[in-house]
Protein chains: 2
Amino acid sequence: MSDGVPVKGTETDFMPPNKPATPDPARTLSLLWRHTLSPSRTRGPRPSLTVDRVVEAAVTIADEQGLDAVTVRSVAQALGASPMSVYTYVPGGKTELLELMIDVVYLGEGRPAWGELGWRDRVTAVANQNRALYAKHPWLIHASTSRPPLGPGVITKYEYELSAFDGLGLSDVEVDAALTFVLGFVQANARSAADAAVLPEATAMTDAAWWEAQAELLGRVVDPQTFPRATRIGEAAGAAQGGAYQADAAYRFGMDRVLDGLGRLVERTKKAR
Amino acid sequence: MSDGVPVKGTETDFMPPNKPATPDPARTLSLLWRHTLSPSRTRGPRPSLTVDRVVEAAVTIADEQGLDAVTVRSVAQALGASPMSVYTYVPGGKTELLELMIDVVYLGEGRPAWGELGWRDRVTAVANQNRALYAKHPWLIHASTSRPPLGPGVITKYEYELSAFDGLGLSDVEVDAALTFVLGFVQANARSAADAAVLPEATAMTDAAWWEAQAELLGRVVDPQTFPRATRIGEAAGAAQGGAYQADAAYRFGMDRVLDGLGRLVERTKKAR
DNA sequence: ACATACTCTGTACAATGTACGTAGTTGCCG
DNA sequence: CGGCAACTACGTACATTGTACAGAGTATGT
């Protein structure tokens with residue numbers, strides 16, 4: 001999302017106090033599953049667009065220019081239609097459009113069968129898939145996780161990822177919690193990665209230049225005696241490595257902890273059996 | 001983060017394509033540390049406000065009405081000043097104001113000495129403190145984590161939290177990664193919790209009502225045969241418990257995994273010594 | 001006294017989501 | 001076959017946002 005600056009998009013995101021069109025969960029659900037529940041379907045002029053085309057256009061814009069570039073007007077323009085005609089296909093306006101976008105990218109992912117993989121490999125695969133998804137669609141990071149739009153994409157993804165925990169002896173609630181835990185980690189990491197990737201453009205400053213400038217200014221301001229760990233560790237962890245590499249290292253480190261943490265639960269469960 | 005609806009504010013946050021005023025990292029840094037680096041300080045009329053008062057007003061509004069309610073105009077009105085006069089004290093505009101807000105709430109937190117606590121208790125305390133901070137200032141969730149504003153609050157917090165890992169034999173890079181890991185988990189959890197807390201108001205629908213409505217509609221649409229885990233586990237994990245309780249359970253579950261995951265690293269490190 | 005360096009404010013603009021009303025288009029029913 | 005009902009499409013309009021810009025007022029230093 002971008003932009004206090006059209007470029008930034010991730011750092012300070014606000015929302016104008018416009019209204020969410022007419023919210024209607026039932027209609028949104030029908031839209032997600034592409035139910036043409038209209039009693040009479042062929043009355044007026046033949047529709048020149050489809051829900052899918054609108055959503056697809058929005059996703060393309062979001063992928064290429066960030067979520068902030070997705071405006072009702074820009075989507076309409078990409079489709080060669082007038083702004084207001086978008087509301088014909090997505091009556092819920094931008095809020096509903098975002099839910100449709102989320103569901104459609106979830107649906108588009110491949111989900112290979114597990115085969116003979118052990119649970120660690122399966123969970124790792126789930127994490128990697130989500131990570132790749134965030135890399136491909138950074139705007140996904142801004143999507144809400146609770147009460148997601150229960151469309152075919154979301155459900156398919158959920159079903160698949162739950163199956164990674166099959167056969168471990170965990171309870172239903174534990175499986176759900178474990179998955180939430182893994183996905184939460186990936187999301188937090190993706191968030192950092194996305195910020196790190198976008199900030200240089202936003203600030204028109206490379207990572208190195210930024211750290212150097214900060215280091216110089218901080219040197220005059222911060223007392224290393226008062227903040228020994230922060231200055232030493234911050235320098236080691238920040239200045240030495242670029243933002244992208246750092247996110248990468250954090251991912252590997254984190255995944256090891258995640259797997260070890262889940263491992264103890266699994267062992268304990270197996271033992272108790 | 002935030003949403004399509006002024007009320008929601010957390011789910012889908014967008015930013016109008018306005019410009020971030022004149023960005024100037026050096027000036028922002030000076031502002032963060034409250035350096036009055038003006039060469040001549042007493043020329044024109046005596047300032048009627050201070051940076052602190054502006055920031056404080058903004059934080060109050062954000063706490064009470066959400067980040068979306070923090071507008072240049074609303075902050076000015078809370079101070080009885082004209083909108084543009086805010087720029088006198090915070091030349092960087094809204095972007096800079098947000099960084100000042102973040103730093104000031106970090107600075108205001110108590111940070112008790114560790115005493116005789118073991119590392120598990122220390123790390124748990126760090127997590128709990130961050131969790132409480134998010135509960136008190138939900139808008140913090142929308143703040144960027146990479147390249148934070150290096151003000152006194154951020155540095156003090158960083159120093160303190162790093163010290164929780166003292167004496168474990170971890171390398172500097174490992175300590176930084178471990179802290180990032182813990183904070184990432186807390187942030188992801190806080191995000192869910194905040195969404196869950198805000199959504200009922202936004203949707204004008206209680207959790208129970210929402211799940212019931214969804215369940216009914218989904219029953220007609222989703223085939224339990226195709227999504228056995230999703231329907232069973234989703235029902236168990238979602239419908240039975242409210243959103244708030246769910247976030248709470250996820251926090252406890254996750255913290256156990258986080259500590260176990262770090263525990264293995266610590267053990268291995270100690271053993272290798 | 002006068003310049004200088006401030007503070008403060010009003011006006012203005014571009015961009016946003018979307019309500020509303022209107023015009024055009026098609027299939028169905030009589 | 002005539003008319004109506006349902007539908008698509010679109011132009012206009014408004015409130016709200018961040019902030020550039022220019023000018024007016026005010027205190028201090030010389």
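Within every chain, numbering begins at 1; the chains are lettered A, B, ... in the order of the sequence lines, protein sequences first and strands thereafter.
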Review point. Taking atom types as modelled and ignoring hydrogens, do the side chains of B:T71 and B:S74 form a donor-acceptor contact shorter than 3.5 angstrom?
Key: yes
Provide, to the nearest angstrom, the distance between the [atom1] atom belonging to [X] and the [atom2] atom belonging to [N].
| X | N | atom1 | atom2 | result |
| --- | --- | --- | --- | --- |
| B:L49 | C:dC8 | CG | C1' | 10 Å |
| B:Y87 | D:dT17 | OH | P | 12 Å |
| A:R53 | D:dA9 | CZ | P | 11 Å |
| A:I61 | C:dT16 | CD1 | P | 11 Å |
| A:L79 | D:dT8 | CG | P | 16 Å |
| A:R73 | D:dA13 | CZ | P | 14 Å |
| B:M84 | C:dC6 | CE | C1' | 16 Å |
| A:D68 | D:dG18 | CG | P | 14 Å |

Are the side chain of [X] and the backbone N or O of [Y] linked by a donor-acceptor pair below 3.5 Å?
| X | Y | result |
| --- | --- | --- |
| A:R34 | A:L32 | yes |
| A:T156 | A:L107 | no |
| A:N189 | A:A247 | yes |

Point to revise | Salt bridge present between A:K94 and A:E99 (N-O < 4.0 angstrom) | key: no
Exercise for review: Please examine the side chains of A:T50 and A:Y89, heavy atoms only from C-beta on, and report whether any two atoms are closer than 4.5 Å.
Suggested key: no
Study note, to complete from the structure: Here the side-chain hydrogen bond (donor to acceptor under 3.5 Å, both in side chains) pairs for residues 53-63 of chain B, sequence neighbours left out, are B:D63-B:H137, B:D63-B:W139
Exercise for review: Specify the residue among A:P83 and B:A69 whose closest nucleotide of DNA chain D lies further upstream toward the 5′ end.
Suggested key: A:P83
Between the protein and nucleotides 26-30 of chain D, which nitrogen or oxygen pairs come in under 3.5 angstrom?
from	atom 1	to	atom 2	distance (Å)
D:dA27	N3	B:R43	O	3.2
D:dT28	O4'	B:T42	O	3.4
D:dT28	O4'	B:R43	O	3.4
D:dT28	O3'	B:T42	O	3.4

Review point. Contact class for A:T71 (heavy atom, under 4.0 Å): base, sugar-phosphate, or nothing?
Key: sugar-phosphate
Review point. Is any side-chain nitrogen or oxygen of A:Y89 closer than 4.0 Å to OP1 or OP2 of D:dA9?
Key: yes
Practice item. Output yes when at least one side-chain N/O atom of A:S85 is less than 4.0 Å from OP1 or OP2 of D:dA9, else no. Key: no
